[in-house]
Amino acid sequence: MDISNYLYLSVILFTIGATGVLVRRNAIVIFMCIELMLNAANLALVTFSRVAGNLEGQVASFFTMVVAACEVVVGLAIIVTIYRSRRSASVDDASLLKN
Amino acid sequence: MLHQSLAFGQTATPEAVQFWVLAPVAVIAALGMLFMKKAVHSALLLAWVMVTLAIFYIAQDALFLGIVQIVVYTGAVMMLFLFILMLVGVDASEALVENIKGQRAASILAGLGLGGLLLSLVARASVNQPAAGLKLVNQTGNVQSLAAQLFTQYVWAFEVVSALLITAALGAMVLAHSTKPAARNKQRDLSIARFRGKSLADAAGLPGSGVFAKHNAVDVPALLPDGSPAPTSISATLKARGDVISPTPFALEHTEEVED
Amino acid sequence: MRTSSLLVYLIALPLFSSALLLLLGRIADKWGHILATLITASTFVIGVYEFMKMHSQPSGSRAVTQKLFDWISVGTLKVDAALLLDQLSICFVLLITGVGTLIHIYSIAYMSHDKDRRRFFAFLNLFIAAMLLLVLGDSYLNLYVGWEGVGLASYLLIGFWNHNPTYAVASKKAFVANRVGDLGLSLAIMICFAQFGTVSFAGVKAGAHGASSAALAGIGAMLLLAACGKSAQFPLQSWLGDAMAGPTPVSALIHAATMVTAGVYLISRSNFIFDASSTARLLVVIVGAITLLFGAIIGTAKDDIKKALAASTMSQIGYMILATGLGPVGYAFAILHLLTHGFFKAGMFLGAGSVMHGMDDEVNMRKYGGLAKLMPITAVTFGLGYLAILGVPPFAGFYSKDKIIETAFNAGGIKGILLGGAALLGAAITAFYMTRLMVMTFIGAKRWKAGSHPHESPLLMTLPMILLAVGSVASGFLLSYGSALVHWLQPVVNSQSMEEGKPLMPALTVSLLALGVVVLGAFFAITKYRSVSDLAPEDVSIFTKAARKDLYQDLLNDKVFVEPGTLLTAGLVKTDDRVIDGFVRFVGNFLAATSDVLRKVQNGFVRSYALLMLAGLVITVIAVWVIGA
């Protein structure tokens, strides 16, 4: 099997995640889709690391994970706050920027 | 395989077998996550995708990342997701009717376009050398080598990221902290309110679920003395989720339909 | 070179006091004038102390410096904020702080009825600080800061009573005329930097020896332009008469004794430039000679006592400028005349102020007459100043003005005769108009307005007048006894290096000649103005009319500069409105119309924005794809 198959998998997962962000309305699901995109990117990084024969890719992947964790924590806190005031987790309800 | 120009080198057969088994499952799980009506199901499918990726990491000589993926992502982050779902998303089954005109079609088009382009880019990319592999680098162990990188060359980035993590934790606390607008009602206050109310119907408290019914689960309404089900005996949360079982099969004779 | 840490206080003290008085506002109304006066007096004390120390040193090592901080350090341009006190600056420091203190004291009484007296003293202190910075700066750039500072102070003080639109316009006129001169100074500084890579006096002096004559002439001409602006020399002199709108102490301090002499300081300070460029020197003497006659002629026709004195100032500074153009020894005589003039002209302005104080702010001399009996101290101190400006021995002006006339005659050839003749003629006209002023004010019949009660001024006003009168009498003798000032200034302006040419005529002849024309001029004035009407006659000769109109300089400025300038501005405004604004408005309208369409994209849905982002990403990937293909 060719190693590039990991990259194809990564691209497919990334695309699914991106599409999910656009079509789903539940903020939590959107968040999960973002996590999926990040994970797909991580898979590509790990594969690159293996191809290049050094650990730079893995280090980058590690930092991505940490930043993703931060993002989840803050993002979910925001969702909780929005939910508390609007009783809804749909991103379409948070459209006060309109007009 | 697809393109000979991408001469990354071949994997050993066991890894290939593992890939061809797990990769389609991961893609299917990811697609399932996209289409699931309930957020909880999506979360579980995502957890599955993450575990699959962890296996791929380990297969690609990234032992540390694989373990971290399971512990941090599947363990901590996904649990956080589920926790928040429990907190806010009990009615989180969203209507799948799109309300922005053309959004869905455009999204799918853009997604397919992006996927196709990226796939073709990967297919076209060429590295004129075979995969180096990590055997040499991981001689002293993957964790040790990664640590050596992290704490020498990337120590500054590491510190900055740690500061980011602390900031995020503080930010989450500030955001999630809510000040109650009024003092919370004590049991005594609630009791007084019941007795001072218009009617004394609820003075003795609400009926528990399943009382007098043939089944005493939390999702089965209690039966009133006349045999009719008592809607107030079911938690509002369960009703909102639609997880209420019709009491008809468990009712005594002469019961009417439970109004949902 | 010796250093002294005291120099900074000369500037810092008045600056601080000025800021304090302005910031504290009405709180300082009660004691502000006293603080300001004490501060100025303390700078005088510092000046005297520095003078004593300087005097005890051998002549070659008298200059002291103080570096304050690195001011500008850009590439090769390094300018320190540093002060330099040498033999030339100390003359100015003593004049500024000494006369300044006296005028502060005078102003306490003169301004006592003004509710804005505190503000007045704050501006006066600001002026003192800026003027001291001007004479203490060790580079042209430091000088420039002070130069602009005195311009600002002058503007603020001329327009001190700016509720009167005429006065406000006068201050604006002074400011604009000064700006023209300032342009010259900044150009001179730029040429210096371009030519020598430095703007410090020492650096420019070192570089001036090897510089091209064109560059030196350019710098000299620009410096002369600056001097013309600040010192009211031809052709930028028109603002000085209007500057008399300011309170009289201001006219005495700024527009007679100190600020207007800054041009003389600038030229003396830049002696190395002018010594090396005969072209620049020629320009200087021409400007000086024209102005001394110009001012004197204007002075003969003015009925406003302050404007007459202003014309006289213009003319006397013309003498100084003329002297600075006459080579090394001329600098010393210019400074000598500057110092004596500082005494007698300040004294006369204070006298004029005293007269106005007694005559309910009447400035028209035709409404005066016979005041000597009622204001004896004013009359006597004014009279001593009068004798000094006429150059009657042994009063101060005799020592300074005669030397200038003599040096002018000795300039050699036709040039010498022309310049000497102009200076001599100027002396005669000076005698004429000063005598006219004296006669119309203090002697003759009373022509007062009904209800005037002239009276002598209080001690606070007369005391400075008396002290300045003493200076008018004695300063000339003291400063020129044994060529004291010439020797003193030798290390700075090289004043003794004059080549010993054969003088055109002996000094005694010049003095007698000068005295002769002065007596002649005074005699004419006495016979003509023994009795005057209280209204200016209308059927006068064309020359008198011209002189009354400042020799049509304002008219000329209007026709040559202001009207074409106004037309140009109007054209520019029209262009701006039609072309530039039109384009800008087009862009605005275009954007507004486009935005109206694009606004609909902003529907407020996060997912729509995300879709746009993804679409952008797709386009980017396509671009990568195409470029990489």
Side-chain angles (χ1 to χ4, degrees), chain A residues 1-9 11-20 22-26 28-29 31-33 35-36 39 42-43 46-47 49-56 58-59 61-63 65-74 76-81 83-84 89-90 92, chain B residues 1 6 8-11 16 19 23 27 30-31 34 39 42-43 46 49-50 53 56-57 60-62 65 68 72 77 80-81 84-85 87-89 92 94 99 104 107-108 111 114-115 118-119 122 127 131-134 137 145-146 149-150 154 157 161 164-165 168-169 171-172 175-176 178:
Chain A
M1 183 197 78
D2 199 294
I3 292 178
S4 60
N5 285 356
Y6 284 112
L7 297 180
Y8 292 122
L9 176 63
V11 167
I12 292 167
L13 292 181
F14 186 89
T15 311
I16 293 171
T19 315
L22 300 185
V23 292
R24 296 301 295 258
R25 268 183 295 166
N26 187 327
I28 299 172
V29 179
F31 242 93
M32 287 193 263
C33 289
E35 291 303 312
L36 181 63
N39 269 289
N42 275 353
L43 177 62
V46 169
T47 308
S49 171
R50 181 187 189 183
V51 172
N54 59 40
L55 292 175
E56 310 288 329
Q58 294 194 14
V59 171
S61 183
F62 173 78
F63 284 128
M65 283 185 184
V66 181
V67 175
C70 298
E71 179 228 331
V72 165
V73 168
V74 176
L76 288 180
I78 292 173
I79 290 173
V80 169
T81 317
Y83 181 79
R84 208 184 269 145
S90 169
D92 287 356
Chain B
M1 297 291 300
L6 197 68
F8 276 3
Q10 302 292 309
T11 59
F19 181 83
V27 172
L31 286 172
L34 199 56
S42 292
L46 180 61
V49 176
M50 284 176 171
L53 289 184
F56 286 152
Y57 291 171
Q60 300 208 65
D61 292 330
L65 286 182
V68 169
V72 174
V77 172
L80 195 57
F81 267 110
I84 299 297
L85 276 174
L87 198 66
V88 309
E94 64 188 60
N99 54 1
R104 184 170 293 172
S107 301
I108 291 169
L114 180 71
L118 284 177
L119 283 175
V122 171
V127 180
L134 293 168
V137 187
S145 308
L146 205 55
Q149 286 268 40
L150 269 183
Y154 293 104
V161 162
L164 177 69
L165 205 51
L175 281 173
S178 70

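First the proteins, then the strands, lettered A, B, ... as listed; each starts at 1.
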Problem - Nearest-0.5 Å distance, CD of residue A/Glu35 to CE of residue B/Met50 - result: 5.5 Å
Practice task
Name the option with the most non-hydrogen atom pairs under 4.5 Å to chain B; the candidates are A/Val66, A/Val59, A/Asn54, A/Ile12.
Solution key: A/Val59
Completion exercise
If one checks every heavy atom of B/Leu46 against chain A at 4.5 Å, the contacting part turns out to be side chain
Problem - Segment of B/Val27 engaging chain A (4.5 angstrom heavy-atom cut-off) - result: both
Side chain to side chain, [X] and [Y], heavy atoms closer than 4.5 Å:
X	Y	result
A/Phe62	B/Tyr154	no
B/Ser42	A/Arg24	yes
A/Leu13	B/Leu53	yes
A/Val72	B/Phe81	yes
A/Val80	B/Ile84	yes

Most chain A-contacting option - heavy-atom pairs closer than 4.5 Å, from [options]:
options	answer
B/Val68, B/Val161, B/Ile108	B/Val161
B/Leu114, B/Val137, B/Leu65	B/Leu65
B/Leu165, B/Val77, B/Val49	B/Leu165

Completion exercise
Whatever's closer than 4.5 Å to a heavy atom in chain B on A/Glu71 counts as neither
Handout entry: Main-chain N/O of A/Val23 paired with B/Ser107 side-chain donor or acceptor, under 3.5 Å
Key = no
Problem - Under 3.5 Å: donor-acceptor pair, side chain of A/Arg50, backbone of B/Leu134 - result: no
